[in-house]
Structures are given as C-alpha cells and as structure tokens.
**Q** 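Shown below is the structure under consideration.
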Amino acid sequence: MRRYVIAGNWKMNFTPSEATAFINEVKPLVEGKNNCDIIFCAPFVTIGAAMEAAKGSNIKIGAQNVHFEEKGAFTGEISAKMLKEIGVEYVIIGHSERRQYFGETDHTVNLRTKAALAAGLKVLLCLGEVKEERLAGITNEVVAMQTKLDLAGISAEELKNVIIAYEPVWAIGTGLTATPEQADETCGAIRDVVASLYGREAAEGLIIQYGGSMNEKNASELLSKANVDGGLIGGASLVAEKFNAIVDAAQ
Ligand code: PGA
C-alpha cells in the first residue's frame with residue numbers, strides 16, 4: 001500500500017535561525033505521527049540548520065532544486081552530489097514557480113530529475129496545468145505530456161525514487177484549491193499515464209501528492225481520495241499548527 005507523504009515547500013522563506021526555531025516548534029507536534037513521511041524542503045543555505053534541528057525526529061529535510069551537471073561553470077547552481085554529501089534525501093524538481101519565473105522547461109526538468117536520481121536522491125516532481133488549460137478542458141492532455149517528457153529515459157527501478165506532485169498552477173498560492181474530485185481525477189489520470197509507461201503495478205506503487213492551497217481545513221477531504229497520496233504544501237507549511245493539522249489528516 002502507498003504511504004502518505006506530507007511535504008512542506010518553504011520556497012524563499014526562513015533563514016537558518018528561523019528554520020531552527022520553526023523545526024523546534026513543529027517537532028513535538030508531529031512526534032510519533034508515523035503514518036506518513038514528513039519532509040520540509042528548505043532554501044539551500046537553510047538546509048544545514050534545519051537538518052541539525054530535525055536530528056533524531058521523524059522530520060526529513062529536502063532541497064527545492066538541483067542542477068543537472070555534475071560540476072563546472074554554472075554560476076549560482078547546486079549539484080546533486082553537493083546535496084547528497086550534506087545528507088539531503090529529497091529534492092523538489094519542476095515546481096511551477098521555477099517553470100514560470102526561471103525558464104524551466106520539461107526538458108530541463110527531465111535533465112534535473114535524471115541527475116538527481118543518478119546521484120541517489122529522491123525526487124518530488126511537480127507538474128500541473130495552468131488555468132486556461134483547465135478551462136479549455138485539456139488538463140489530462142497537459143499532465144500526460146508533462147509526465148511523459150519529465151520521466152523520459154527514467155527506468156522503472158529509478159521510478160521507485162520518484163514522487164509526483166500534481167499542482168494545478170491556478171491553485172498555487174491563490175487560496176483556490178482543486179476540489180477533491182478534481183484532484184482525484186487528475187492524479188488518477190497521471191497514474192494511468194505512468195501505467196502506460198511502466199505497467200500497472202509500478203503505477204499503483206507511485207506516490208502522487210496534491211499541491212495548491214492545501215491547508216488545515218481542506219486536507220482531510222483531499223487526502224481521503226484514492227489517488228491522492230499526500231500533499232506538497234507551501235503557505236501552510238510555514239505555520240506549525242497548520243502543518244501539524246495536515247499531518248493529522250494523514251494519520
Ligand atoms: P501553496 O503552495 O500551498 O502555498 O499553494 C504549494 C506549492 O507551491 O507547492
């Protein structure tokens with residue numbers, strides 16, 4: 001059976017000292033809640049402090065991006081090997097903010113995903129449609145295309161280290177949430193595409209999260225859906241009680 005994965009995406013929030021204080025606040029709240037994996041994806045410079053604070057707890061710390069080259073003249077970038085060496089286990093790739101503001105394409109998302117997996121990282125691969133695509137009724141086509149392009153060349157064995165985060169772009173940071181039915185349907189559509197690529201068994205084992213204004217109020221209903229195996233949470237991951245309530249919804 002699939003296990004819930006509740007991941008916070010801190011985005012460009014929390015300095016090292018702020019992250020330490022936050023982890024110290026959230027740690028006792030989520031202690032012993034082992035029915036889900038709990039991850040916070042931190043800004044690069046904050047990862048070390050967050051890891052130190054999370055030591056010995058059920059909280060894991062991840063990164064928010066990774067470059068596809070091993071090393072070299074790529075000013076401002078961070079390699080998978082660098083993340084591995086400091087003990088990072090998870091990395092977000094393909095977040096819609098990276099796609100919208102930093103020119104990420106399915107091609108670069110695919111390259112980053114391959115590099116991360118080759119280095120032994122687990123990937124939270126984000127995809128989802130924009131508002132116009134949902135309104136035009138082509139959501140399933142869009143997520144199918146993204147799934148195929150983003151996973152191109154990734155083996156069935158490597159897929160075991162991939163989590164897909166279905167994040168409708170119109171729901172991110174907007175307070176608008178996909179209905180539980182929409183989330184379930186689109187996560188199911190993604191699962192069907194994965195089944196067409198890797199077989200039904202692999203697809204049934206794949207964790208697919210929903211992300212986009214998930215909060216303490218709507219989490220239980222979203223997580224109750226058969227195809228929704230967790231959440232990628234932005235805003236509500238910055239408030240300990242809200243995040244804890246989402247972890248509770250996954251128990
Ligand atoms: P949000 O962000 O929960 O603030 O909508 C989700 C995300 O961007 O991963």
Side-chain angles (χ1 to χ4, degrees), residues 4-14 18-19 22 26 30 36-44 46-47 50 59-66 88 90-104 109 112-113 116 122-131 133-134 139 142-143 146-147 150 162-180 182-184 186-187 190 207-223 225 228-250:
Y4 283 122
V5 177
I6 304 298
N9 174 11
W10 285 347
K11 310 190 179 184
M12 198 171 73
N13 293 288
F14 288 167
E18 289 166 349
F22 179 83
V26 82
V30 301
C36 62
D37 287 330
I38 300 172
I39 308 162
F40 289 106
C41 294
F44 290 126
T46 297
I47 290 173
I59 296 171
K60 293 170 186 171
I61 305 300
Q64 298 174 11
N65 196 13
V66 65
V88 168
Y90 292 91
V91 59
I92 294 174
I93 295 177
H95 191 277
S96 69
E97 286 149 18
R98 300 286 327 162
R99 295 178 190 251
Q100 272 182 297
Y101 308 138
F102 301 100
E104 293 275 350
V109 169
R112 289 177 201 269
T113 302
K122 293 178 181 150
V123 173
L124 303 173
L125 174 61
C126 302
L127 50 87
E129 83 286 3
V130 298
K131 187 171 155 205
E133 293 164 339
R134 170 132 322 245
T139 296
V142 170
V143 297
Q146 291 174 326
T147 302
D150 297 352
V162 175
I163 291 172
I164 290 183
Y166 164 57
E167 299 206 303
V169 179
W170 49 271
I172 294 177
T174 56
L176 297 172
T177 317
T179 64
Q182 286 172 328
D184 191 44
T186 311
C187 289
I190 294 168
I207 292 164
I208 305 181
Q209 301 173 308
Y210 167 79
S213 301
M214 187 186 266
N215 59 37
E216 70 289 359
K217 296 191 189 81
N218 58 32
S220 357
E221 231 194 316
L222 287 161
L223 294 173
K225 293 295 176 189
V228 179
D229 308 320
L232 183 57
I233 299 123
S237 77
L238 300 170
V239 184
E241 304 80 52
K242 291 187 182 182
F243 186 82
N244 178 49
I246 299 171
V247 169
D248 279 338

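Whatever order the structure lists ligands and atoms in, that order sets their numbers, starting from 1. None of the values given here were measured: they were computed from a predicted structure.
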**Q** Should Arg99 and Asp150 count as an ion pair when the cut-off is N to O under 4.0 Å?
**A** yes

**Q** Please work out whether any backbone atom (N, CA, C, O) or any side-chain heavy atom from C-beta onward of Ile172 is under 4.0 Å from ligand 1, and answer side chain, backbone, both or neither.
**A** both

**Q** How far is atom 8 (O) of ligand 1 from its nearest protein heavy atom, and which residue and atom name does that atom have?
**A** His95 NE2, 2.6 Å

**Q** Does Ala236 have a non-hydrogen atom less than 4.0 Å from ligand 1?
**A** no

**Q** Between ligand 1 and Gly173, can you find any atom pair, the residue atom being a heavy atom, that is separated by under 4.0 Å?
**A** yes

**Q** Keeping Thr113 on the side-chain end and Val109 on the backbone end, is there a donor-acceptor pair under 3.5 Å?
**A** yes

**Q** So, regarding Gly234 and ligand 1 (criterion: nitrogen or oxygen to nitrogen or oxygen, under 3.5 Å), is there a contact or not?
**A** yes

**Q** Indicate yes or no: at least one non-hydrogen side-chain atom of Ile233 is less than 4.5 angstrom from one of Ile246.
**A** yes

**Q** Taking the side chain as every heavy atom from C-beta outward, state whether Cys36 and Val5 have any pair of such atoms under 4.5 Å apart.
**A** no

**Q** Counting the benzene-type ring for Trp, do Phe243 and Phe40 have ring centres under 6.0 Å apart?
**A** yes

**Q** What are the atoms of ligand 1, with element, lying closer than 4.0 Å to any heavy atom of Ser213?
**A** 1 (P), 3 (O), 5 (O)

**Q** Would you tell me whether Trp170 and Glu129 have side-chain atoms, one donor and one acceptor, within less than 3.5 Å of each other?
**A** yes

**Q** Under 4.0 Å from any heavy atom of Gly212, which atoms of ligand 1 are there?
**A** 5 (O)

**Q** Under 3.5 Å between some N or O of ligand 1 and some N or O of Gly235?
**A** yes

**Q** Short list, please: which atoms of ligand 1 are under 4.0 Å from a heavy atom of Asn9?
**A** 9 (O)

**Q** I'd like to know if the side chain of Ser237 and the backbone of Gly234 have a donor-acceptor N/O pair within less than 3.5 Å.
**A** yes

**Q** If hydrogens are left out, which of Glu167, Glu97, Gln209, Met214 has an atom nearest to atom 9 (O) of ligand 1, that is, the closest non-hydrogen atom?
**A** Glu167

**Q** Any side-chain heavy atom of Val123 sitting closer than 4.5 Å to one from Tyr90?
**A** no

**Q** Looking only at protein heavy atoms, which one is nearest to atom 2 (O) of ligand 1, and what is the separation?
**A** Lys11 NZ, 3.2 Å

**Q** Once side chain to side chain donor-acceptor pair (under 3.5 Å) is applied, do any residues pair with Tyr210, and if so which ones, sequence neighbours excluded?
**A** none

**Q** Examine the proximity of ligand 1 to Ala171 and report which part, side chain or backbone, both or neither, has a heavy atom under 4.0 Å away.
**A** backbone

**Q** Going by distance only, is there an N or O of Thr174 that falls short of 3.5 Å from an N or O of ligand 1?
**A** no

